[in-house]
Amino acid sequence: VEAESSKKSKEISDALIDEFVLYIQELSAQEFANTRRFLEELVTEAREKVESTEGKLLAITSTREATADDKDMSRSESELEGERLKVRDRLATAEAELGAVTDFTSGKSATPPWSIMQQDGSMLRSLEAAVSENRLKLVEVSELYNAENQHVKDQNEKLLKVSKLYEDHVSQAADSLVRDKSSMVGTLRQQLDRVNAQLSELRKRRLSPSEKRKVAQLERQLNTWDENHLSLVKQLYQARVVE
């Protein structure tokens, strides 16, 4: 940028740079938001397919007149179905959180997800704020002195120390969270398998052979939609973290 003085040239350059950075930030925000909205639509679609298949399964078991035994079974079925939905939702959340933390620990994502920051909330937030504060001070000092000045060197050393402390705490919190979430996911999967098996056996008791075949087909379909739904929920969680 050419101007009547070097000071004026720098002012114009800085203004242009600020505008360009703001433009890039806004563009990135739009892309992240579009990705998140797209995944939200896919999650809704997958959820609708799950519910549709579940409806078909229920329709098969409710086509005949209920006997006294059937009514008792229906009550048990309703309880099991409610438990299944609760466990499945908890599993989806736990798998999404585990996936986000694993992506961070493996280096796929540079930003710690909020589930890590909640592990040791006050300490991590204080350290994060200290890192930002020291970075800002380094920028301010660097504008006054050159890189060889002792003020710049001292501030750079402070920043490195605080950053190292912050990274160590984040790493410890992440490792702890991976262990906890992995254990929780395993437990919830076992619970879901147990409830699904009980629900399947209960429904099959009063079905004809042809209905049983149809139920088996729908159950396979339901498992596919369920896995797809859980995968999309995980991707949506990660997209929200990035956004």
Side-chain angles (χ1 to χ4, degrees), residues 31-103 113-115 180-243:
E31 290 178 351
F32 293 144
N34 289 338
T35 300
R36 186 252 308 156
R37 283 193 291 268
F38 176 66
L39 284 169
E40 284 176 344
E41 292 175 0
L42 290 180
V43 167
T44 300
E45 182 182 354
R47 179 61 187 162
E48 288 172 352
K49 289 178 179 177
V50 169
E51 291 176 347
S52 173
T53 307
E54 289 173 342
K56 292 175 182 177
L57 276 169
L58 290 174
I60 293 177
T61 61
S62 61
T63 54
R64 64 182 63 185
E65 186 177 349
T67 64
D69 289 339
D70 286 338
K71 290 177 181 178
D72 290 336
M73 289 173 64
S74 294
R75 282 194 293 270
S76 299
E77 182 179 336
S78 177
E79 292 169 2
L80 284 170
E81 179 65 17
E83 182 181 353
R84 187 186 73 82
L85 293 175
K86 289 179 182 178
V87 174
R88 188 186 64 185
D89 289 344
R90 289 175 60 197
L91 176 60
T93 300
E95 285 191 329
E97 291 180 349
L98 177 60
V101 178
T102 303
D103 281 351
W114 59 72
S115 52
D180 293 344
K181 291 297 179 184
S182 296
S183 176
M184 181 183 295
V185 165
T187 300
L188 289 171
R189 281 177 179 165
Q190 290 177 356
Q191 290 181 11
L192 187 59
D193 289 343
R194 175 181 55 80
V195 174
N196 279 335
Q198 292 177 349
L199 197 55
S200 178
E201 285 302 313
L202 188 63
R203 286 170 173 168
K204 288 177 181 177
R205 288 181 194 173
R206 55 190 177 196
L207 299 179
S208 67
S210 62
E211 288 172 329
K212 288 181 180 179
R213 287 193 295 272
K214 182 63 176 176
V215 165
Q217 179 186 0
L218 288 170
E219 284 177 342
R220 288 194 297 270
Q221 203 174 74
L222 180 59
N223 287 336
T224 300
W225 294 135
D226 259 333
E227 290 173 4
N228 187 43
H229 177 257
L230 290 174
S231 174
L232 287 169
V233 168
K234 176 182 175 181
Q235 292 178 54
L236 176 58
Y237 182 93
Q238 292 169 340
R240 286 172 173 164
V241 170
V242 172
E243 187 181 4

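Please read all numbers here as calculations on a predicted model, not as lab measurements.
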Spacing of [atom1] belonging to [X] relative to [atom2] belonging to [Y], to within rounding of 0.5 Å:
X	Y	atom1	atom2	answer
R84	E54	CZ	CD	4.0 Å
T93	D89	OG1	CG	7.0 Å
E45	L232	CD	CG	9.0 Å
E48	H229	CD	NE2	10.5 Å
D180	E97	CG	CD	11.0 Å

Contacts of [X] that satisfy side chain to side chain donor-acceptor pair (under 3.5 Å) - sequence neighbours left out:
X	value
S231	Q235
R194	E83
E41	none
E51	R47

Per-pair distances, 0.1 Å, donor-acceptor, side chain in residues 220-227, under 3.5 Å, sequence neighbours excluded:
residue	atom	partner	partner atom	Å
N223	ND2	E219	O	3.3
T224	OG1	R220	O	3.1
D226	OD1	R88	NH1	3.1

For [X], enumerate each residue passing the salt bridge (Lys or Arg N to Asp or Glu O under 4.0 Å) test, keeping only those at least two apart in sequence or located in another chain.
X	value
R90	none
E31	none
R37	none
E40	R36, R240

Minimum heavy-atom separation for [X] and [Y], please, with both atom names.
X	Y	result
V43	L236	CG2-CD2, 4.0 Å
L39	A239	CD1-CB, 3.6 Å
M184	A94	SD-CB, 4.0 Å

With sequence neighbours left out, what residues match S52 under side-chain contact (heavy atoms from CB on, under 4.5 Å)?
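In terms of side-chain contact (heavy atoms from CB on, under 4.5 Å), with neighbours along the sequence ignored, S52 is linked to K56.
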Residues passing the side-chain contact (heavy atoms from CB on, under 4.5 Å) test with K214, sequence neighbours excluded, are I60, Q217, L218
side-chain hydrogen bond (donor to acceptor under 3.5 Å, both in side chains) pairs touching residues 183-193, sequence neighbours excluded, are E95-R189
